[in-house]
Amino acid sequence: NASVYLCNYYSGKVKNLLAEVKKTKTTLSEKQVHKLRVDIKGIKSVFQFLEFIDPATFPEKDYYKPLKAVFKQAGKLREIHINRLSLNKYEPSDLLDCAFKKALRKKERKAREKLKKALTTFDPKKVKAIKSSLVTDALKLPEALIIKGLQGAVNDDLKAIKKRIPGRV
């Protein structure tokens, strides 16, 4: 059943997220920050899909609200990590490189503090409550509606891809 599969996928992502939040509260390794964002993206994709097939029952904005601050701050920190990794591929050529790296380290410290703050205000109970109500409502969805929604999403993606291919009409 498609709704069971969707709910199992979503529940697994929530479980992973909550475990990652616990780990990330004590250490903020680059790997953990990345995993945190990947888990939230997976959860958000379920919210977006459910809103696509039944906007009245599944308003993505309302479901996503408890995750938004953590995702935003983790994104800022992840961007700094990527910038630093990109810079590390090159030999420092002048003082400008050193100054930029120093500025990135300062920016990283601030981003870490903002993410820590977002994690302290993060409420796992809200996420669990949303999970409970979302799963209950999603399991009531007719199989045909979910399949139709999947087909619609795939068709929309195909149309977007065709528009990007030169020479295609």
Side-chain angles (χ1 to χ4, degrees), residues 1-82 111-112 114-169:
N1 185 317
S3 60
V4 172
Y5 173 79
L6 186 66
C7 290
N8 286 341
Y9 172 80
Y10 170 68
S11 295
K13 285 292 182 185
V14 169
K15 182 180 175 185
N16 291 345
L17 172 69
L18 295 176
E20 209 54 47
V21 165
K22 281 183 182 178
K23 290 182 207 171
T24 309
K25 281 185 176 181
T26 56
T27 60
L28 287 174
S29 74
E30 290 180 26
K31 185 177 179 180
Q32 287 171 319
V33 171
H34 177 64
K35 183 145 178 21
L36 191 66
R37 284 181 47 79
V38 168
D39 288 335
I40 293 173
K41 281 182 182 182
I43 291 168
K44 188 173 183 179
S45 71
V46 172
F47 296 160
Q48 290 170 335
F49 175 71
L50 289 171
E51 182 181 56
F52 177 77
I53 62 173
D54 188 353
T57 306
F58 301 101
E60 183 255 336
K61 189 174 95 175
D62 295 344
Y63 287 118
Y64 182 62
K65 195 179 268 185
L67 305 172
K68 190 174 181 176
V70 171
F71 186 74
K72 180 180 178 181
Q73 296 308 323
K76 289 180 180 182
L77 186 55
R78 178 75 179 143
E79 184 179 335
I80 294 165
H81 290 161
I82 291 168
R112 281 180 177 281
K114 287 183 178 182
L115 178 55
K116 284 180 184 178
K117 184 178 179 182
L119 286 167
T120 59
T121 60
F122 176 80
D123 187 355
K125 289 178 185 173
K126 284 184 182 176
V127 175
K128 289 176 184 176
I130 287 170
K131 177 184 152 229
S132 178
S133 69
L134 184 138
V135 167
T136 300
D137 291 341
L139 288 172
K140 294 175 187 172
L141 292 170
E143 179 94 4
L145 182 63
I146 294 172
I147 291 171
K148 184 179 177 183
L150 286 170
Q151 289 169 337
V154 169
N155 287 336
D156 288 350
D157 287 348
L158 286 174
K159 286 176 189 174
I161 291 168
K162 285 179 182 178
K163 285 181 182 178
R164 287 187 236 136
I165 298 175
R168 293 284 307 223
V169 179

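The figures here come from the full heavy-atom set of this structure, side chains too, leaving out hydrogens, waters and symmetry mates. Heads up: numbering here begins at 1 and tracks the sequence.
- For the pair A111 and I80, the tightest heavy-atom approach, listed with the atom from each and the gap, is CB-CD1, 3.8 Å.
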Check step by step if salt bridge (charged side-chain N to carboxylate O under 4.0 Å, His left out) holds for E20 and K23.
CA-CA 5 Å; E20 209 54 47; K23 290 182 207 171; 3.7 Å; yes

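- Here the closest non-hydrogen pair linking F49 and I146 is CZ-O, 3.6 Å.
- You'll find the side chain of F52 stays beyond 4.5 Å of the side chain of Q48, heavy atoms only.
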Passes ring pair (Phe, Tyr, Trp, His ring centres under 6.0 Å), Y64 versus F47? Steps please.
CA-CA 7 Å; Y64 182 62; F47 296 160; 7.0 Å; no

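- At least one donor-acceptor pair closer than 3.5 Å links the side chain of R112 to the backbone N or O of L28.
- The two residues E143 and S3 come nearest to each other via the heavy atoms OE1-N, 4.4 Å.
- The only member of L134, V135, I43, V46 that meets side-chain contact (heavy atoms from CB on, under 4.5 Å) when paired with V14 is I43.
- In this structure, the side chain of T136 engages the main chain of S132 through a donor-acceptor pair within 3.5 Å.
- Residue C7 holds its SG atom at 7.5 Å from CG of L50, rounded to the nearest 0.5 Å.
- For the residue pair T121 and A118, the shortest heavy atom distance occurs at OG1-O, 3.1 Å.
- Rounded to the nearest 0.5 angstrom, L67 CG and F122 CZ are separated by 5.5 Å.
- Within the model, atoms CG of L141 and OG1 of T57 stand 7.0 Å from one another, a figure rounded to the nearest 0.5 Å.
- From F71, atom CZ reaches atom NZ of K44 across 6.5 Å, with rounding to the nearest 0.5 Å.
- Atom CG in N155 sits 11.5 Å away from atom NZ in K148 (nearest 0.5 Å).
- For the pair V21/V127, no side-chain contact is recorded, criterion being any heavy-atom separation below 4.5 Å from C-beta on.
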Run the numbers on K65 and I130 for side-chain contact (heavy atoms from CB on, under 4.5 Å), then give the verdict.
CA-CA 10 Å; K65 195 179 268 185; I130 287 170; over 6 Å; no

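- Annotation: side chain of Q73 is not in contact with side chain of L119 (no heavy-atom distance under 4.5 Å).
- Separation of atoms CG (L77) and CD (Q32) is listed at 11.0 Å; rounding is to 0.5 Å.
- Taking all atoms of both residues into account, the shortest heavy-atom contact from G75 to R37 is CA-NH1, 3.1 Å.
- Shown are T24, L17, I40; of these, the side-chain contact (heavy atoms from CB on, under 4.5 Å) with V70 is made only by I40.
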